[in-house]
*Asks:* 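The structure is given below, and queries will be raised subsequently.
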Amino acid sequence: MSDIKVVRVHADQRAETSVTTGTKAWELFRDDADVVAARVAGQLKDLAYELADGDEVEAVAIDSADGRDILRHSTAHVMAQAVQQIWPEARLGIGPPIENGFYYDFDVETPFVPEDLVKIESAMRKIIKENQRFERRVTTDADALTELKDEPYKIELIGLKGGAGAEGTEGASVEVGAGELTVYDNIGRSGEAKWSDLCRGPHLPTTKRIPAFKLMRSAAAYWRGDEKNKQLQRIYGTAWESKEALEAHLERIAEAEKRDHRKLGRDLDLFSFPDEIGSGLPVFHPKGGVIKREMEDYVRRRHIEEGFDYVGTPHISKEGTFHLSGHLPYYKDTMFPPMEFEGADYYLKAMNCPMHNLIYRSRGRSYRELPLRLFEFGHVYRYEKSGVIHGLTRVRGFAQDDSHSYVTEEQAPGEIKHLLDFVLGLLRDFGLDDFYLELSTRDDSKPDKFVGSEEQWTNATDVLRTACEESGLELVPDPGGAAFYGPKVSVQAKDAIGRTWQMSTIQYDFNQPQGFDLTYQAADGTRKQPVMIHSAKFGSIERFLGVLVEHYAGAFPPWLAPVQVQAIPVAEFAADYLHDVARQMKAQGLRVEVDDSDDRMQKKIRNAQLQKVPFMVIAGNDDIEAGAVSFRYRDGRQDNGVPVAEAIERVAAAVASREQV
RNA sequence: GCCGCCUUAGCUCAGUCGGUAGAGCGAGUCACUCGUAAUGACUAGGUCGUCAGUUCGAUUCUGACAGGCGGCUCCA
């Protein structure tokens, strides 16, 4: 038996070792129970991989990103085995790891119900206990087709192997890679194959290496993500390297639920969605109205400071406008059906740009006017499918903080940079400061979905890309995500618990100026066509408000808080004193309420706490005698005996600086 | 739009194996007047999402519709 040399790689260290031929990867890592796989020359391999001379081998720990993917993928296999154990007629779809978990799709007669998940979980626990071994087996297309004759979906995947189809089917690549075809057998104690699945791997060595998992929910999903295909039943689960990590994950979910803007919107009396009005059509209550107005006032002011002109346009228009803009042919299905009267079809507007174009076109324009920037809170209505409506983040009627910059082609790059700086600054003002950019381009395989020449698209995309790169932010490509009239940049912001939200968009449009025949007179006397740059800063006021509710978990910074100061008398005798303090605060434009109900003081504090009011101002005899008040903050911190004038100044300063307290 | 689940008081939720319902919080009234997260008592409040069907009788069973939730698809 001859020796071979392998290189063990660990972080920046490399160490050459001699091992005997036939040594398996696990033998290198036998003293580390956290290692679940090996990375050999960049490729993930099972621990049962037989080392070859010259291999560079790196341990993959279960708590690394790759390790978790492997764990989750293996857990998905165990789940599929459990499902087929209980429902032998269930046919297998795909079962990839996803962020924070995994899923597996099944074709079953009856959809799963929550009790089924309990049954499946206990069958999975049994399989895990049995400590079945995941064993890789190389096969051929022909053999696999015979072996999997009862698994039509797997057979379809084999047919796609290596082709464009497999890439286009999310998750399919974990089943069939571009290389050789492999099956994983789950081997029981006595060496018999308990279950097999077409799979690229790698997997954990054994089922017992699954430390903690939980099935989360079941839902339908179209086969290969295409709504023309049959819906399969998908079960989502999660798996972690330890019970503690699973627990922490479940806590993060619970934390996200606590922040859910739909729940907080009700608890804090901000907004509601009356059934009587219709799905996806929110109303703002007085407290939500305060936040919305503060947002709008601030954003309007900033736009004006940045050289925008505030305009106003109607909610409906005759159809011709939307033909000119090109929207009707492309987006008729997402507009509300027309109202017919006086012999014309009127549509609720789904976008503001056509109206702004008409303002531009209302008279002749000179190059001296450019960039011409029109801005408004335009209320648009979109017929979103019933299944996609979601709180304030996906609605059927909303206000866009929409602007259109009309510029010469030469001015376009500068204007885009200006817009990008502007929106990032705005988002920072609202407390979001972790961003990345996404560049949505046209899908070259679907030219009929996009208007304009290839050259125009290339030029527009390049202009946007350059501006993005100059921003220094991370740039993520989004092929095929563009609007029909041009490419777009969107700003993705991370919130307080790390979730990303699509916020602002900037779109380069060479198409509508042509449709509306927009022109300006250049310095040399010729007529030229301007370029139009669409930009929404929050996207939608409603949506951004929802995002802010979740970002702040309802505890808004004072400048946005519906009630900035809740004044609480220690007892009834102190109420007049606080009413007087409140009058002084209101005179400074602060939002103050005095709780003169006959609740006990402790109860009033609790109520203010639950309403997440930033400043509680409390007064009793001690304060009155000293001409002072006592602060209590949301975190329970106290600051007693603050002179009234200083207290007012403190609140006013926090509001003015837009800081959180 | 598709699949599944859900809809009982303002909110959160019990309950009725078919005989028209209950708690806590909230609201109102009264008493209490208290120094940093719930004072007590009483009262009001529901054609049990809507419309059909089955039934002597439906909040309960069936169906359709509406709305909500979780996904999928979509997201100018």
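Just so it is clear: chains get the letters A, B, ... in the order the sequence lines come, proteins before strands, and each one is counted from 1.
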*Asks:* I'd like to check the side chain to side chain donor-acceptor pair (under 3.5 Å) partners of A:Gln400; sequence neighbours left out, ordered by chain and number.
*Replies:*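 A:Gln400 satisfies side chain to side chain donor-acceptor pair (under 3.5 Å) with A:Asn352 once adjacent residues are dropped.
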
*Asks:* For RNA chain B, which residues in residues 609-624 of chain A have a heavy atom at a distance below 4.0 Å?
*Replies:*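 Only A:Gln609, A:Leu610, A:Ile618, A:Gly620, A:Asn621, A:Asp622, A:Asp623 qualify.
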
*Asks:* What is the per-nucleotide protein-contact pattern of nucleotides 59-64 of chain B, from the 5' end, where B denotes a base atom under 4.0 Å from a protein heavy atom, S denotes such proximity for sugar-phosphate atoms only, and - denotes neither?
*Replies:* ------

*Asks:* Should A:Arg650 and A:Asp639 count as an ion pair when the cut-off is N to O under 4.0 Å?
*Replies:*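 Yes.
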
*Asks:* Give one of base, sugar-phosphate or nothing for A:Phe484, where a contact means two heavy atoms less than 4.0 Å apart.
*Replies:*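 Nothing: the residue A:Phe484, judged by heavy atoms under 4.0 Å, touches no strand.
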
*Asks:* Which residues pass the side chain to side chain donor-acceptor pair (under 3.5 Å) test with A:Gln512, sequence neighbours left out?
*Replies:*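 If we apply the side chain to side chain donor-acceptor pair (under 3.5 Å) test to A:Gln512, skipping adjacent residues, the hits are A:Asn357, A:Asp509.
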
*Asks:* Can you tell me which stems involve RNA chain B, if a stem is defined as three or more consecutive Watson-Crick or G-U wobble pairs, both distances under 3.5 Å?
*Replies:*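 Result, WC/G-U stems under 3.5 Å: B:1-7 with B:66-72, B:10-13 with B:22-25, B:27-31 with B:39-43, B:49-53 with B:61-65.
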
*Asks:* Below 3.5 Å, can you tabulate the donor-acceptor pairs from side chains in residues 388-399 of chain A to any protein atom, sequence neighbours excluded?
*Replies:*
residue: A:Thr393; atom: OG1; partner: A:His390; partner atom: O; Å: 3.0
residue: A:Arg394; atom: NH2; partner: A:Glu384; partner atom: OE1; Å: 3.0
residue: A:Arg396; atom: NE; partner: A:Glu384; partner atom: O; Å: 2.9
residue: A:Arg396; atom: NH2; partner: A:Glu384; partner atom: O; Å: 2.8

*Asks:* Which residues in residues 250-267 of chain A have a heavy atom closer than 4.0 Å to any atom of RNA chain B?
*Replies:*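 Those residues whose heavy atoms fall under 4.0 Å from RNA chain B, taken from residues 250-267 of chain A in numerical order, are A:Arg262, A:Arg266.
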
*Asks:* Between A:Arg259 and A:Glu255, is the closest basic N to carboxylate O distance under 4.0 Å?
*Replies:*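 Salt bridge flag = yes for A:Arg259 with A:Glu255.
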
*Asks:* Shorter than 3.5 Å, N or O on both sides, protein versus nucleotides 65-67 of chain B: list them out with atom names.
*Replies:*
residue: B:G67; atom: O2'; partner: A:Asp275; partner atom: OD1; Å: 3.0

*Asks:* Distances under 3.5 Å only, N/O to N/O: pair up the protein atoms with those of nucleotides 42-45 of chain B.
*Replies:*
none

*Asks:* Using a 4.5 Å cut-off on heavy atoms from C-beta on, say whether the side chain of A:Arg373 contacts that of A:Tyr406.
*Replies:*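 A side-chain contact is absent here, since even the closest heavy-atom pair is not under 4.5 Å.
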
*Asks:* Assign the ring pair A:Tyr331 / A:Phe484 to parallel, tilted or perpendicular, where the plane angle (0 to 90°) is split at 30° and 60°.
*Replies:*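 Tilted: the ring planes of A:Tyr331 and A:Phe484 meet at 30° to 60°.
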
*Asks:* For A:Glu109 and B:C3, what is the distance between atoms CD and P respectively, to the nearest whole Å?
*Replies:*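 Whole-Å distance recorded here is 15 Å.
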
*Asks:* What does the list of N/O pairs under 3.5 Å between the protein and nucleotides 5-7 of chain B look like, with a distance for each?
*Replies:*
none

*Asks:* Can you pull every protein N or O that's under 3.5 Å from an N or O on nucleotides 46-51 of chain B?
*Replies:*
none

*Asks:* Considering only atom P, compute the distance from B:C17 to B:G26 and round it to an integer number of Å.
*Replies:*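 Approximately 32 Å lies between the P atom of B:C17 and that of B:G26.
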
*Asks:* Between A:Arg382 (CZ) and B:G1 (P), how many Å, whole number?
*Replies:*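 Going from CZ in A:Arg382 over to P in B:G1 covers 19 Å.
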
*Asks:* Scan A:Ser630 against the nucleic acid and name what it touches under 4.0 Å (heavy atoms): base, sugar-phosphate only, or nothing.
*Replies:*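 Result for A:Ser630 = base.
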
*Asks:* According to salt bridge (Lys or Arg N to Asp or Glu O under 4.0 Å), who are the partners of A:Asp275, at least two apart in sequence or on a separate chain?
*Replies:*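 A:Asp275: no salt bridge (Lys or Arg N to Asp or Glu O under 4.0 Å) contacts found.
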
*Asks:* Name the nucleic acid region contacted by A:Ala483, choosing base, sugar-phosphate or nothing; use a 4.0 angstrom heavy-atom cut-off, strictly under.
*Replies:*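 It contacts sugar-phosphate atoms only.
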
*Asks:* Is it the case that B:C2 (base atoms only) and A:Gln231 (side chain only) share a donor and an acceptor within less than 3.5 Å, ignoring hydrogens and angles?
*Replies:*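 Such a pair is found, so the answer is yes.
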
*Asks:* Taking N and O atoms by type only, does the side chain of A:Tyr222 place a donor or acceptor under 3.5 Å from a partner on the base of B:G1?
*Replies:*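 A donor-acceptor contact between them is present.
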
*Asks:* Can A:Ser272 and A:His285 be counted as having a side-chain donor-acceptor contact under 3.5 angstrom?
*Replies:*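 Note: A:Ser272 and A:His285 side chains meet the donor-acceptor criterion.
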
*Asks:* Do the numbers put A:Arg234 on top of the ring of A:Tyr103, so that NZ or CZ is under 6.0 Å from the six-membered ring centre and no more than 45° off the axis?
*Replies:*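 Geometry flag: set, cation within 6.0 Å and 45°.
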
*Asks:* Taking only Lys NZ, Arg NE, NH1 and NH2, and the carboxylate oxygens of Asp or Glu, determine whether A:Asp226 and A:Arg224 approach each other closer than 4.0 Å.
*Replies:*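 The answer is no: the pair does not qualify as a salt bridge.
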
*Asks:* Is there ring stacking between A:Tyr330 and B:A76, where the centres must be under 5.5 angstrom apart and the planes under 30 degrees?
*Replies:*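 By the stated criterion, A:Tyr330 and B:A76 do not stack.
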
